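Working notes for the structure below.
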Amino acid sequence: MNNKFIFNLSLFLTMFIVFQACEKIEETRIFTPTASFEKAAATIKADAGTYNVKILLSKPLQKEVTIKCDFTGSAINGEHYTVDANTVIIPAGSSEASFNISILKDNIYDELLDIKCLLAPGRQYAIQPELNSEFKLNITKEIILPTLSFKSSEQNRFTNPFLEEIITYELNLTETLRVDTDIRLNIEGGLTIGADFSINGGNSNIITVQKGVKQKTFEVKFRKKDSAGFSQNLKFTLVPVTVKSCIVLAETSFANIKVIDPVVDFTSLLKSPALLGGAGFIMEQAIKAIDGTYAGKVALNMDKIASRANYLKTFRNMSYNTAFLCNSNSPGGDILRLAELLNFANTDTVIADYGVGKTTRYFSPSDSLVRFVADGENIRRGTVIAAPQKFTAKLVKKIDWETGTNGNKQWHIDSKLTNGLISQTTYSLIFDVIEINLVRLEGTFNMDDVIPSICFNAWFSSSSKYFMKNIPSTHNIVKEGNLYKLSYKFTPK
């Protein structure tokens, strides 16, 4: 009996101890609160501004609890959003606290981003995955990206490489950009950036469009080519380097430009056989007179230059001779009528270099003075231009001109021996050398006029005291600063 009593007592004591231990464990578990988010997920629009995230404790404590959060997701902290802090303090006696997520809507270029808030483990609280230990905030935005395009009037253009033109393109946006954006120009065609043209003065095909603007221009400069018949196509296509900044519509994303130098059609000018059975065709040359008409016509023989298309040449004993190595012993001047710019009075101590009458045909020759440039693809109308250049001649003392009989004077004999080429003269009594500068030449040609014509203005200068000393009274010579302007007209005979 005693043994049975002792056994029952021992069993009771063991059960009591186990019960007390379980009660202690249960008491400890109860007083370690569980931390969780109020929600598992939520969705807001980017323009909502902020979102308040609430964290709960399963039971308040007598002292404050600090809970740490980690942040992940497709949204980037500091770029797409900011938070008050990555720790939240729940005051003593309270079971909840919250923090704000501020949405940086102007930095968002995606229709959907998400922020994942994760509770980090702590000593003051427990985390149970099934009790919202993670909160996901979805951020939506209606993305309407600005549309970038070429100005429609600039999508198809022409240029002639002989003109070395700078072509300006304008890019338009439907809305301003929020950030500086690089745009790449894809280049297609038979021309190479750097070798044949430059963009904004360099070899880069990247155009930067600054934020806050709706227009952007860039320049394409073509390198000079003197190659009549040249023809190439060039195409620029816009491609945003950052696709989230703007979009490009296919129909407005490109610009075509024809880089062409067509061979000009001179048929309407070169139609009447040359004078005296010579080579080429007849043209008439005139200078604008003070009454506004073109007077003092001179007939000349001319033709195309086979080796250099879009230039004309003249033949011996006619005009144009100084410009195209054609010397002449007959009066008439040259393509610029330089004789008209040198008029000597009877009291002058010098005369123009040797020859008969107006002798400026002996100015130093210039190859292919005037260049014809078609108007786009129209080979019957366009512009005429010439590069700046110098013409030189030698002046002979008047006393040497007047000594001896004509034909036996030393200057005349020398002229015949050298075929009129001053550069080859051995005549020792040269008084002076005169230079005339052709500063600028510009005009037009039109083969479809009632009378086909070539018209241009030429501006001259010279430091010589004999230049324009006695301006011809019949010519409409306009002085512009230190330049003298003459107007010329050429028509078929």
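The model shown is predicted, which means the values in this text are computed figures rather than measured ones.
Between the side chains of Ser149 and Asn172, not a single donor N or O lies within less than 3.5 Å of an accepting N or O.
In terms of modelled atom types and a separation under 3.5 Å, the side chain of Glu165 and the main chain of Leu163 share no donor-acceptor contact. In terms of modelled atom types and a separation under 3.5 Å, the side chain of Lys136 and the main chain of Asp114 share no donor-acceptor contact. Without hydrogens or angle criteria, Asp291 side chain to Thr293 main chain gives a donor-acceptor distance under 3.5 Å. When atom types are taken as modelled, the side chain of Lys479 and the backbone of Gly481 share a donor-acceptor pair closer than 3.5 angstrom. A donor-acceptor contact shorter than 3.5 Å is absent between the side chain of Ser253 and the backbone of Val248. Arg381 places no side-chain N or O within 3.5 Å of a backbone atom of Asp375 that could act as its donor or acceptor partner. Side-chain atoms of Ser453 do not come within 3.5 Å of backbone N or O of Cys455 as any donor-acceptor pair. Checked by atom type and distance alone, the side chain of Asn186 never pairs as donor or acceptor with a backbone atom of Asn205 at under 3.5 Å. With hydrogens and angles disregarded, a donor-acceptor distance shorter than 3.5 Å links the side chain of Asp84 to the backbone of Asn100.
Under the ring pair (Phe, Tyr, Trp, His ring centres under 6.0 Å) criterion, Phe150 pairs with Tyr169, not counting sequence neighbours. Qualifying side-chain hydrogen bond (donor to acceptor under 3.5 Å, both in side chains) partners for Ser198, counting only residues two or more places apart in sequence or in other chains: none. Shown here are the ring pair (Phe, Tyr, Trp, His ring centres under 6.0 Å) partners of Tyr484, two or more places apart in sequence or in another chain: Phe467. Asp106 pairs by the side-chain hydrogen bond (donor to acceptor under 3.5 Å, both in side chains) definition with nothing, not counting sequence neighbours. For the ring pair (Phe, Tyr, Trp, His ring centres under 6.0 Å) test, residues two or more places apart in sequence or in another chain that qualify with Tyr51 are Phe135. Checked against side-chain hydrogen bond (donor to acceptor under 3.5 Å, both in side chains), Glu480 has the following partners two or more places apart in sequence or in another chain: Trp459. For Thr267, the side-chain hydrogen bond (donor to acceptor under 3.5 Å, both in side chains) partners at least two apart in sequence or on another chain are Asp265. By the ring pair (Phe, Tyr, Trp, His ring centres under 6.0 Å) test, Phe266 is found to be paired with Phe372, residues two or more places apart in sequence or in another chain being considered. Here Glu284 pairs with Lys297, Thr491, Lys493 under the side chain to side chain contact (heavy atoms under 4.5 Å, CB included) rule; sequence neighbours left out.
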Q.
For Leu177 and Cys246: C-alpha separation, side-chain torsions, deciding distance, then whether side-chain contact (heavy atoms from CB on, under 4.5 Å) applies.
A. CA-CA 8 Å; Leu177 296 175; Cys246 62; 4.0 Å; yes
(Q) Test side-chain contact (heavy atoms from CB on, under 4.5 Å) on Phe222 and Leu234; report intermediate values, then the result. (A) CA-CA 12 Å; Phe222 291 87; Leu234 193 60; 4.1 Å; yes
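If you look at Phe490 and Phe456, their ring centroids are closer than 6.0 Å.
Across all their heavy atoms, Thr208 and Asp182 have their closest contact at OG1-OD1, 2.7 Å.
The stretch residues 142-157 participates, sequence neighbours left out, in no salt bridge (Lys or Arg N to Asp or Glu O under 4.0 Å) pair at all. Sorted by first and then second residue, the side-chain hydrogen bond (donor to acceptor under 3.5 Å, both in side chains) pairs involving residues 228-237 (not counting sequence neighbours) form an empty list. Applying the side-chain hydrogen bond (donor to acceptor under 3.5 Å, both in side chains) rule to pairs touching residues 213-225 yields Asp196-Lys225, Gln210-Lys216, sequence neighbours excluded.
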